[in-house]
Protein chains: 2
Amino acid sequence: MAQIQTLSKNQKIILDIIEKAKEPLKAYSILFNVQKKGIKAPLQVYRALEKLIKLGKIHKVESKNAFVACKSSNCEVSKATAFSICEICEKVTEIANNKLSNFLNSFEDKSGMKYKKYNLEFFGLCKKCKKT
Amino acid sequence: MAQIQTLSKNQKIILDIIEKAKEPLKAYSILFNVQKKGIKAPLQVYRALEKLIKLGKIHKVESKNAFVACKSSNCEVSKATAFSICEICEKVTEIANNKLSNFLNSFEDKSGMKYKKYNLEFFGLCKKCKKT
DNA sequence: TAACAAACGTTATATTATAACAATATGATA
DNA sequence: TATCATATTGTTATAATATAACGTTTGTTA
Ligand SMILES: [Zn+2]
Ligand SMILES: [Zn+2]
Ligand SMILES: [Zn+2]
Ligand SMILES: [Zn+2]
């Protein structure tokens, strides 16, 4: 019944490794890490990633072509994502901030376009890197 | 004196083709289009793109790996970009909205991180595609 | 159990981007 | 003008990221 059980074998393997990582993982680094578990080809990784993204279990950090597990249990279906990215140490953190998400989810302009989804990436210096 | 004059030959050629395009251009499609002008290698394109981005003349649409000319003369240096992207016709438009940029430029959270730059991509249906 | 959809495995290939090296051009300044 | 520094160019090769196409297997459900 838990959502995790609806995941297939490869999807579980790959979600697991992404969840355990401390930083966003790139597809081929995931591939390298799961070869001992029998996943041999890029497509196997990319297919799992695609599914996990659809389910909101992971997100893609577009500016880095890398994948992170979703920390904010809010976004079961990933249609509103925001990240902070340190330009020095490259630390990536998912931003969970109601003021921000409320603002963006209700954003409208004069284009007549209906926004269903967004991805926001902030860049700057993290606490540690600011000090140096 | 005009900023355009500080651009090199290759940079001008590539900015020109991006400005004339009606949609975001991919690097290799740019390459194909400028081969008659003597630009033969990917690196020549990527180097010009990199410089043009730094100058704020163009932006990269991360989710599409494509490049658009900056329309909003506000962002001379591109540190705050926002796009709307239609999921059907793939039309991409740079959003110039003061309420949005003011909100994001002054956004702070409890992470202690100082945000200097952001990129936001909205997805949805454009006016035309909503009707069908 | 028949029919369908989702996931899998595999090979090959497409697409996007950078490394490394050498030459030339440009602009500032002594 | 000579010289120094920096930016730009040209070129070949290669790295990194992602998908096409094919057939098989597994799971669901009518
Ligand atoms: Zn999330
Ligand atoms: Zn940092
Ligand atoms: Zn712009
Ligand atoms: Zn559209």
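The basis for the numbers below is simple: all heavy atoms, side chains too, and nothing from hydrogens, waters or symmetry mates. Below, read A as the first sequence line, B as the second, and so on, with proteins coming before strands; counting in each chain starts at 1.
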OP1 or OP2 of [N] less than 4.0 angstrom from a side-chain nitrogen or oxygen of [X], does that happen here?
{"X": "B:S8", "N": "D:dA7", "value": "no"}
{"X": "B:K9", "N": "D:dG10", "value": "yes"}
{"X": "A:Y46", "N": "D:dT19", "value": "no"}
{"X": "B:K60", "N": "C:dA17", "value": "yes"}
{"X": "A:Q44", "N": "C:dT10", "value": "no"}

Given [options], identify the nucleotide with an atom nearest to the side chain of [X].
{"X": "A:F67", "options": "D:dT9, C:dA6, D:dA18", "value": "D:dA18"}
{"X": "B:K51", "options": "D:dT8, C:dA6, C:dT10", "value": "D:dT8"}
{"X": "B:N10", "options": "C:dG9, D:dT9, C:dT11", "value": "D:dT9"}

Using rotation axes that map the C1' atoms of four end pairs onto the next four (five pairs an end), what angle separates the end axes of the helix from C:dT1-D:dA30 to C:dA30-D:dT1, to 10°?
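About 40°, once rounded to a multiple of 10°.
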
Under a 4.0 Å heavy-atom cut-off, which of residues 21-39 of chain B touch DNA chain D?
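Nothing qualifies; none.
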
Side chain to side chain donor-acceptor pair (under 3.5 Å): which pairs involve residues 117-127 of chain A, sequence neighbours left out?
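Residue pairs with at least one partner in residues 117-127 of chain A: A:S63-A:E121, A:T81-A:N119, A:N119-A:E121.
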
Distance in angstrom units between B:Q11 CD and D:dT6 C1', rounded:
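My rounded result for the distance is 13 Å.
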
In whole angstroms, how far is the P atom of D:dA18 from the CG atom of A:L49?
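Taking atom P of D:dA18 as the reference, CG of A:L49 is at 9 Å.
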
In terms of ring plane angle, is the pair A:H59 and A:F83 parallel, tilted or perpendicular, where the classes change at 30° and 60°?
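Perpendicular.
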
Within the structure shown, what part of the strands sits under 4.0 Å from A:K64 by heavy-atom distance: base, sugar-phosphate, or nothing?
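Counting heavy atoms under 4.0 Å across all strands, no contact is made by A:K64.
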
Can we call the ring centroids of B:F122 and A:F107 under 6.0 Å apart?
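Ring centroids of B:F122 and A:F107 are less than 6.0 Å from each other.
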
Within the 3.5 Å criterion, strictly below it, is a donor on A:Y115 or A:N105 matched to an acceptor on the partner's side chain?
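Judged by distance alone, the side chains do not pair up.
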
Would you tell me whether A:D109 and A:S111 have side-chain atoms, one donor and one acceptor, within less than 3.5 Å of each other?
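On atom types as modelled, these side chains qualify, holding a pair under 3.5 Å.
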
How about B:L7 and B:L52: do any of their side-chain heavy atoms sit closer than 4.5 Å?
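Side chain of B:L7 against side chain of B:L52, heavy atoms only: contact under 4.5 Å found.
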
5' priority, DNA chain D, between B:K40 and A:N65 [closest heavy atom]:
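That would be B:K40.
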
